[in-house]
Every structure is written in structure tokens, then in C-alpha cells.
Participant: 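Questions regarding the structure given below will be posed in turn.
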Amino acid sequence: MTKQKGFTTTLLHADRLRKPEFGALHQPIHTAVTWGFDDVQGLVDVFQNKTKGYAYSRQGNPTTAALESKVTMMENGLATISFATGMAAIMATVFALVKKGSHIIASSYLFGNTRSVLQTFTEIGLEISFVDATSVENIKAAYQPNTCMVMVETIANPATQIADMENIGDFCQEKGLIYVVDNTMTSPYLFKPVTVKASLVINALTKYIGGHGNALGGSVTDTGLYNWDKYPGIAPVLRQQIKPELLGITQIRKRGLRDGGGTLAPEAAHTISVGAETLALRLERACGNAGALAEYLNAHPLVSKVYYPGLKDHPQHGLSKKLFRYHGGLMSFALKDGVDVFAFLNRLQVVIKSSNLGDTRTLAIPVAQTIFFELGAERRAEMGIPEGMIRLSVGIEDREDLMEDFEQAFNGAL
Ligand SMILES: *Cc1c(COP(=O)(O)O)cnc(C)c1O
């Protein structure tokens with residue numbers, strides 16, 4: 001295949017083109033932990049980064065490598081490292097690159113566990129500013145001489161704010177900051193952060209890319225845009241061995257994956273790889289369902305507010321249209337005061353009460369009582385999270401079944 005094929009065709013043929021044994025169409029699940037060499041020089045060369053190869057599976061394995069190359073292709077990136085979970089990818093990225101005394105600017109709407117891990121890093125010598133990332137002005141105002149990284153998400157969960165990603169990209173480039181974009185909520189099918197000058201792209205493979213709620217995984221992709229040669233946080237020993245453009249991702253592989261140990265299991269890598277083959281199909285369907293549901297909920301007399309970038313009154317609706325192929329599969333809505341949220345959720349039959357997102361199934365969760373419970377009522381009010389908010393991750397069910405399910409759940413409240 002010479003001309004670059006489309007998103008799904010490329011994924012479907014990726015394993016075959018690596019020429020696995022017997023003409024297999026899938027990369028096999030290599031369960032070996034360690035790799036043997038006939039000549040010891042081969043082992044030494046792998047250790048010294050002189051040849052590509054595998055020595056010990058904590059830091060690399062052909063099955064995880066096949067998935068990594070697919071994520072790289074999907075993101076139009078340079079190189080990818082996979083991890084056991086999305087959180088392991090985030091943890092490893094910060095841990096591997098950021099030095100004591102540095103300052104990170106992060107969106108105040110980050111996924112709760114990401115916010116929590118950054119908060120923990122402040123206890124061991126990092127400075128973090130959490131700012132409203134829907135305007136680059138807030139990033140500029142938080143900038144300090146020791147700022148080294150900016151971290152945002154494409155669409156925030158649960159209230160769907162969209163970061164001012166293009167302008168933040170320009171600012172990061174101007175100041176030489178590592179620009180980390182968590183693309184989990186959009187996935188590379190809806191959006192490629194390289195187009196807004198991201199340096200590193202995080203994906204929780206657990207969500208849309210794996211897509212079936214049956215395997216945990218995470219990844220970080222280097223887009224190739226950041227000039228690692230100038231970054232003072234790179235270990236001198238790597239500079240002698242590694243091409244400049246690969247310094248960042250190699251340091252993440254060594255310090256983050258090899259030393260951190262959050263390795264993706266080959267079985268999970270295979271499950272995620274197979275799931276990814278239908279990413280585009282699933283998202284077309286889920287985003288279509290989400291758009292229809294958002295319109296329906298927005299018009300419903302028992303609903304006080306719907307948070308979905310596809311609605312015209314969403315504060316970043318224009319940005320969503322400009323940046324993303326579709327407006328995503330995640331939305332939240334608030335029931336009017338007096339409607340019993342738990343009773344409403346319990347009446348739903350097709351929609352499952354569950355905390356995951358990016359699944360093939362539609363999942364709903366009451367926000368204030370679960371994922372934002374630890375924050376307390378006061379912080380929730382500050383963050384604009386109503387006590388009656390429900391987050392919905394819309395799946396690929398037949399649309400009429402979803403609509404009917406909501407209709408009967410609302411009717412039960414009348
Ligand atoms: C779920 C999620 C993560 C963490 O992924 P896990 O695989 O659950 O560890 C990170 N970022 C975002 C935006 C997420 O939704």
C-alpha cells in the first residue's frame with residue numbers, strides 16, 4: 001500500500017503489514033517476559049540502544065509495540081508508549097520529565113484522578129496552578145519563569161468545557177513549554193491534538209479506543225513537535241545515545257515505564273487493538289445517539305440544563321464544531337429541583353448505572369454523590385456542578401431503545 005489509506009483501513013491492515021508468522025492477520029499475543037539471544041552481543045546492543053529489540057517485557061513487548069504503532073498512526077504522531085492504565089501514562093509522563101522546583105499549569109477541569117495525582121506531586125516539590133483553561137489568558141496569567149508544562153483535556157468531564165487549545169498551543173510554542181493534551185474524551189478519530197501543536201498526547205485506551213469496557217490501558221504519544229534538545233530535564237546519558245527528536249519519549253520509556261513499572265499486559269494490548277478496529281464506527285453511532293439525546297433532554301420539561309458541546313447554547317459550541325469531527329459521546333444533564341435523581345436513574349432499564357465512559361453501552365452516574373463526592377458541596381457549587389447532575393456516556397444501542405428508556409423513566413416522575 002503506497003498512498004496513505006483512511007483511518008479504519010490503516011488500522012485493519014496494520015498488524016498484517018508487520019508480517020507476523022504464517023500470514024496471521026493479528027499480531028500474536030507474546031506472553032514472554034524475557035527474550036533470549038544466541039550471541040551475547042545482541043543482548044548488549046539492545047541494552048545500549050544500538051539495535052531495536054526486546055530484553056525484558058516491562059519496557060517493551062512486540063504485542064504492546066503493535067498497539068503503540070497503531071496509536072501513533074491514529075494520532076499522526078512520532079512514537080507512542082502504552083501503559084497499564086490511563087493514570088499510569090499520566091503519572092509516568094509527569095514523573096519522567098518534570099524536575100523538582102518546576103511549575104505546571106493545569107486545567108481546573110481535569111479528570112478527578114489526574115487532578116489528584118498532580119496535587120500529590122505538590123507534596124514532593126512541584127508547583128501546580130489549576131486554571132480555567134477555556135481561555136488562554138488564564139494560562140498566560142499563571143505563567144512563571146519555572147513553568148515547564150501545560151496540561152489540558154479536550155472536552156472536560158462531566159461539564160464538557162472545551163479548552164482553548166489552539167491559543168494554548170501557540171503560547172506553549174512561544175515559551176518552549178511541554179504541551180500535554182489528554183485526548184481521551186475525543187479520541188484520535190474526532191480530534192488530533194498535533195493539529196493544535198500538542199507536544200504529548202495522552203489517551204486512556206480503556207475508554208473509546210478499547211471501547212468495550214473489557215480492558216484497562218493508557219498511552220502517551222509524542223507528536224514530534226517539541227524540541228527536546230533544548231529541554232533541561234533530559235538526562236545527559238540519553239543525549240549521547242538517542243536522536244534528539246526521540247529524547248522525550250525515550251526518557252518516558254526509561255524513567256516512566258521501565259522504572260515506574262506500569263506496563264500494559266500483552267493480553268490487554270490485544271483486546272484494545274481489536275477494539276480499536278471499530279473506533280470510527282462506534283463513535284459515529286455514539287455521537288449520533290448523543291446528539292439526538294441531547295436535543296431530547298434539552299427540550300424536556302423535567303430537565304433544567306444539558307451540558308453537551310453539540311448544543312448551540314454550549315459556551316464552546318463554535319470551537320467544538322471547528323476542532324472536532326463530532327461533538328463526542330459524553331454529556332451531562334441536571335434534573336429540575338424536586339425530581340428524585342436516584343428514583344429516575346433506577347427506572348432506567350437500558351441505560352446502566354455505572355462509572356465508566358467510552359463503552360459500547362450507555363452508562364449513567366449521579367455526579368455529586370460519586371465522582372465529585374469527595375469535593376464536598378461547597379467546591380461543587382464553585383465548580384458549577386448541580387447536586388442533581390447526571391453524567392451520561394452514550395453508547396451504540398439502537399436509538400429508539402435509548403429514547404424509549406428515557407421517556408418511560410421521565411414518565412415515572414410525573
Ligand atoms: C478515565 C480517564 C483517565 C484515566 O484512565 P484509566 O485507564 O481509567 O486509568 C484519564 N483521563 C481521562 C480524561 C479519563 O477519562
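Indexing begins at 1, ligand by ligand and atom by atom, following the structure's order. Predicted, not measured: the structure shown is a model, and the values here were computed from it. Basis for what follows: all heavy atoms, side chains included, without hydrogens, waters or symmetry-related copies.
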Participant: Salt-bridge test for Arg239 and Asp229: reply yes if a basic N is under 4.0 Å from a carboxylate O, no otherwise.
Facilitator: yes
Participant: Using heavy atoms and a cut-off under 4.0 Å, could you grab the residues that are in contact with ligand 1, chain by chain, numbers ascending?
Facilitator: Thr85, Gly86, Met87, Ile90, Phe111, Glu153, Asp182, Thr184, Met185, Ala204, Thr206, Lys207, Gly217
Participant: Should we say atom NZ of Lys321 is surrounded by more than 12 heavy atoms from elsewhere, each under 6.0 Å from it?
Facilitator: no
Participant: Is there side-chain contact between His103 and Tyr143, with at least one heavy-atom pair below 4.5 Å?
Facilitator: no
Participant: Do the side chains of Asp170 and Lys197 get close enough for a salt bridge, i.e. N-O under 4.0 angstrom?
Facilitator: yes
Participant: Between atom CD of Glu400 and atom CG of Asp405, what is the distance when rounded to the nearest 0.5 Å?
Facilitator: 12.5 Å
Participant: Would Glu68 and Arg253 pass as an ion pair if we require N to O under 4.0 Å?
Facilitator: yes
